[in-house]
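Each chain gets a letter, A, B and so on, in the order its sequence line appears, and its residues count up from 1. Being a predicted model, the structure only gives us computed values, none of them experimental.
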Protein chains: 2
Amino acid sequence: MQKKDRLRLESRARIMKALGHPTRLFIVETLESREHCVCELTATIGADISTVSRHLSILKQAGVVRDEKRGSQVFYALRVPCVLRLFECVESIVKKSAEEYLELSQ
Amino acid sequence: MQKKDRLRLESRARIMKALGHPTRLFIVETLESREHCVCELTATIGADISTVSRHLSILKQAGVVRDEKRGSQVFYALRVPCVLRLFECVESIVKKSAEEYLELSQ
DNA sequence: ATCACGCTTGGCAGTTTAGCCAAATGACCA
DNA sequence: TGGTCATTTGGCTAAACTGCCAAGCGTGAT
């Protein structure tokens with residue numbers, strides 16, 4: 001495989017991997033409406049703030065979110081608008097799995 | 001968070017996670033054209049066949065691919081057509097990252 | 001200057017993942 | 001039946017991930 005192809009696959013995989021955690025998916029969904037500071041997200045999620053901060057750092061490194069420091073707070077926002085569409089596809093996989101499960105159990 | 005929401009996030013995350021590996025992304029891209037048997041995929045990927053088999057098993061469990069045994073071979077195929085569209089979004093994240101990198105390095 | 005607040009990072013323990021080899025299974029052929 | 005081919009699974013080690021606590025760091029108020 002070409003080096004270029006390998007790099008492309010790796011960067012895509014990094015994004016998918018970043019989205020491959022329930023808490024991080026929740027963060028992305030939350031950011032769909034508007035930007036949030038770390039403290040808001042932490043309050044909603046209920047985990048330790050250090051844990052939330054690490055999740056945000058993973059999303060940021062993958063390029064899914066961007067951060068902006070304002071005063072003592074850091075605000076995170078989605079960096080691309082298409083994540084919702086991405087979820088539609090993922091949801092169709094979930095649905096198909098559920099349908100086939102129902103068919104098999106009939 | 002409601003149990004229903006938690007389960008939804010978990011099943012989505014499982015799919016994302018399954019796609020979060022360069023080799024598995026390569027497999028999915030390869031299957032976009034047509035189904036392939038494990039031996040074909042193994043030859044292209046260059047890893048041990050047991051490794052490829054494990055990757056396929058992860059994709060199957062996530063509902064991304066389906067398998068069908070014919071004779072002594074097992075053929076894998078995509079189970080949903082939308083994965084290509086999913087990649088478009090991911091690619092847009094990659095592109096945006098590259099653009100901002102270029103801007104910063106100017 | 002000091003303190004509180006918001007956040008990030010170091011470090012630790014437990015869990016999961018990735019890759020390989022070797023062994024087991026299943027299908028087909030001689 | 002024995003042998004071969006295609007694939008899966010067990011078992012192992014190294015590496016990565018997750019979550020928490022504690023410590024560090026920048027900002028803003030007193």
**Student:** Tell me, please, which residues at least two apart from A:Arg14 pass salt bridge (charged side-chain N to carboxylate O under 4.0 Å, His left out).
**Tutor:** none

**Student:** Mind checking salt bridge (charged side-chain N to carboxylate O under 4.0 Å, His left out) for B:Arg70 and listing every partner two or more places apart, or none if nothing turns up?
**Tutor:** B:Glu35, B:Glu68

**Student:** Can you give one letter per nucleotide of nucleotides 14-30 of chain D, going 5' to 3': B for a protein heavy atom under 4.0 Å from the base, S for sugar-phosphate only, - for none?
**Tutor:** ---SSSBBB----SS--

**Student:** Under the rule for salt bridge (charged side-chain N to carboxylate O under 4.0 Å, His left out), what residues qualify as partners of B:Arg54, not counting sequence neighbours?
**Tutor:** none

**Student:** If only side-chain N and O atoms of B:Tyr76 are considered, is one of them under 4.0 Å from the OP1 or OP2 phosphate oxygen of D:dT8?
**Tutor:** yes

**Student:** Who are the side-chain contact (heavy atoms from CB on, under 4.5 Å) partners of B:Gln73, not counting sequence neighbours?
**Tutor:** B:Cys37, B:Cys39, B:Phe75

**Student:** Would you please name every residue forming a side-chain contact (heavy atoms from CB on, under 4.5 Å) with A:Ala43, sequence neighbours left out?
**Tutor:** none

**Student:** Can you measure from CG (A:Leu31) to CZ (A:Arg66) and round to the nearest 0.5 angstrom?
**Tutor:** 10.0 Å

**Student:** May I have the list of side-chain donor-acceptor pairs in residues 15-25 of chain A shorter than 3.5 Å, sequence neighbours left out?
**Tutor:**
residue, atom, partner, partner atom, Å
A:His21, ND1, A:Thr23, N, 3.1
A:Arg24, NE, A:Ala18, O, 2.6
A:Arg24, NH1, A:His55, ND1, 3.0
A:Arg24, NH2, A:Lys17, O, 3.4

**Student:** Output all residues satisfying side-chain contact (heavy atoms from CB on, under 4.5 Å) with A:Lys60, sequence neighbours left out; order by chain, then residue number.
**Tutor:** A:Val65, A:Asp67

**Student:** For DNA chain C, note the earliest and the latest nucleotide, 5' to 3', having some atom under 4.0 Å of a heavy atom belonging to chain B.
**Tutor:** C:dT17 to C:dC28

